[in-house]
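On a predicted model such as this, the values are computed, not experimentally measured, just so you know. The chains referred to below are lettered A, B, ... by the order of the sequence lines, with proteins before strands, and numbering in each begins at 1.
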Amino acid sequence: MYTQALDSAGAAEPQGNVAEAARLERFQARIDRDEKIEPKDWMPEEYRRALIRQIAQHAHSEVVGMLPEGNWITRAPSLRRKVVLIAKVQDEGGHGMYLYSAAETLGVSRATLIEQLLAGQAKYSSIFNYPTLTWADIGAIGWLVDGAAIMNQIPLCRCSYGPYARAMVRICKEESFHQRQGYELMLALARGSAAQRAMAQEALNRWWWPSLMMFGPSDAHSVHTAQSLRWKIKRFSNDELRQKFIDVTVPQAQYLGLTVPDPELRWDEAAQHYRAGPIDWSEFQAVLAGEGPCNRERLAARREAHEAGRWVREAAAAYADKHRTARPCQAAEEGGT
Amino acid sequence: MTEDWLLYEVFIRSRSGLEHKHVGSLHAADARMAIEHARDTYTRRLEGVSIWVVRSSEIVASDPQEAEALFEPARDKIYRHPTFYAIPEEVKNL
């Protein structure tokens, strides 16, 4: 599961009338009391839009995220690694489904969301626009990309919107295996031959900075963070989460005997934090703008899968139509509770 | 634009003896497919022993606007709870 703080809520629109202002105030009071907002509850349009945008981006990220890892299923080095990778990729698809469902509770159809993705109008996490060049990348993705995603997602389990928070609880439960299998894979390589260690180091070199960028622009440049925090769509700022990720991940790299590719990285004894060097945001912006190594390839793969599956969807719909009048299967034979 | 399949709500019984609980929703062409998708989507880790699917359009829900009218009357009926009644400590099994 992968989130990326791209653009979340915009500022609330100015309110023309007093009743609207009062409603907004009541809404904010509910949020402040940590009450959850449910689909049929009144909510400001901006809150709804911000959530649709964030949840849809999140769902798209899950689905597109299946591609870089799916790339290695046929080449996994053992049956054990293969079943693990298949299970993980299937989970990502499942996470996409939970999230599309949550987005739909806000009044947007799934077909619309998929359409936007395929038309290249929707965003998804930029991390998936990087290629998986070696087997070690599968380890690095589980360890770093899923690790960063977990860091982002755990606070989302307490998000103010009920269906999103519930989807995140489910996702977080499943996500921890993803990170652990990735680290275990890196550990196997790090303890292997010189060539395997070099492969692991090279994967870390390529995935480290993009993983840090997964947390989104720095707070100084993230105009929407404040409103998102106020509405409790987000619980921590991008930089806070990024720092947390660095602090837990650097010792994990040290244990592997690998070097984090940041010459300026140092331990700040006074603050009890690792201090990372500056992030190259121009790369982030370029990948976001469609100039990443795999942007076009990822969308092309999604479109192809969508088109190739069309006849299956049509056949299933035709079959269902034909049998619509017949009795559906016994869904709840005991009835009642 | 491709039309979405029907929307179903999914309820899972996590083990015998417990009630079915709402877990989420999904799209399917028919009820049979909804059960199969629910299996793949919501029970990849032994989360359930039984699945119900219900067309979302068949669910009738109370209106949040009426929440006060529906639920407030129960608020002051504290005599419906056992703790409302003071019983001397010496009296056992009550």
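Atom CZ of B/R44 is surrounded by more than 12 heavy atoms from other residues, nucleotides or ligands within 6.0 Å. Heavy atoms of other residues, nucleotides or ligands lying less than 6.0 angstrom from CZ of B/R15 number 12 at most. Within a 6.0 Å radius of CD in A/E35, more than 12 heavy atoms belonging to other residues, nucleotides or ligands are found. More than 12 heavy-atom neighbours from other residues, nucleotides or ligands sit within 6.0 angstrom of CZ on A/R303. The environment of CD in B/E68 is sparse: at most 12 heavy-atom neighbours from other residues, nucleotides or ligands sit within 6.0 Å. A/E307 CD: more than 12 foreign heavy atoms inside a 6.0 Å radius. Residue-environment remark: CG (B/L46) stays at or below the threshold of 12 foreign heavy atoms within 6.0 Å.
Looking at B/V23, the atoms closer than 4.5 Å to chain A (heavy atoms on both sides) sit in the backbone and in the side chain alike. Residue B/F11 does not touch chain A at all, counting heavy-atom pairs closer than 4.5 Å. With a threshold of 4.5 angstrom between heavy atoms, A/E104 approaches chain B through side-chain atoms but not through N, CA, C or O. A/R170 touches chain B through its side chain: at least one heavy atom from C-beta onward sits under 4.5 Å away, while N, CA, C and O do not. Contact of B/A61 with chain A is made through the side chain alone, with heavy-atom distances under 4.5 Å. Contact annotation for A/Y100: neither backbone nor side-chain heavy atoms come within less than 4.5 Å of a heavy atom of chain B.
Heavy atoms only, all atoms of each residue included: A/A316 and B/A29 are closest at O-CB, 3.7 Å. The two residues B/T41 and A/Y98 have their closest heavy-atom pair at O-OH, 3.1 Å.
A/K322 and B/D30 are not joined by a salt bridge, as no carboxylate oxygen comes within less than 4.0 angstrom of a charged side-chain nitrogen.
Most heavy-atom pairs under 4.5 Å with chain B, from the set A/R166, A/E314, A/E174, A/K40: that is A/E174.
The line from NE2 of B/H27 to CZ of A/R110 is 4.0 Å long, rounded to the nearest 0.5 Å. Rounding to the nearest 0.5 angstrom, the gap separating the OH atom in A/Y319 from the CZ atom in B/R32 is 10.0 Å.
A donor-acceptor pair under 3.5 Å is formed between the side chain of A/S101 and the backbone N or O of B/S25.
Side-chain contact check for B/L26 versus A/M97: every heavy-atom pair is 4.5 Å or farther apart.
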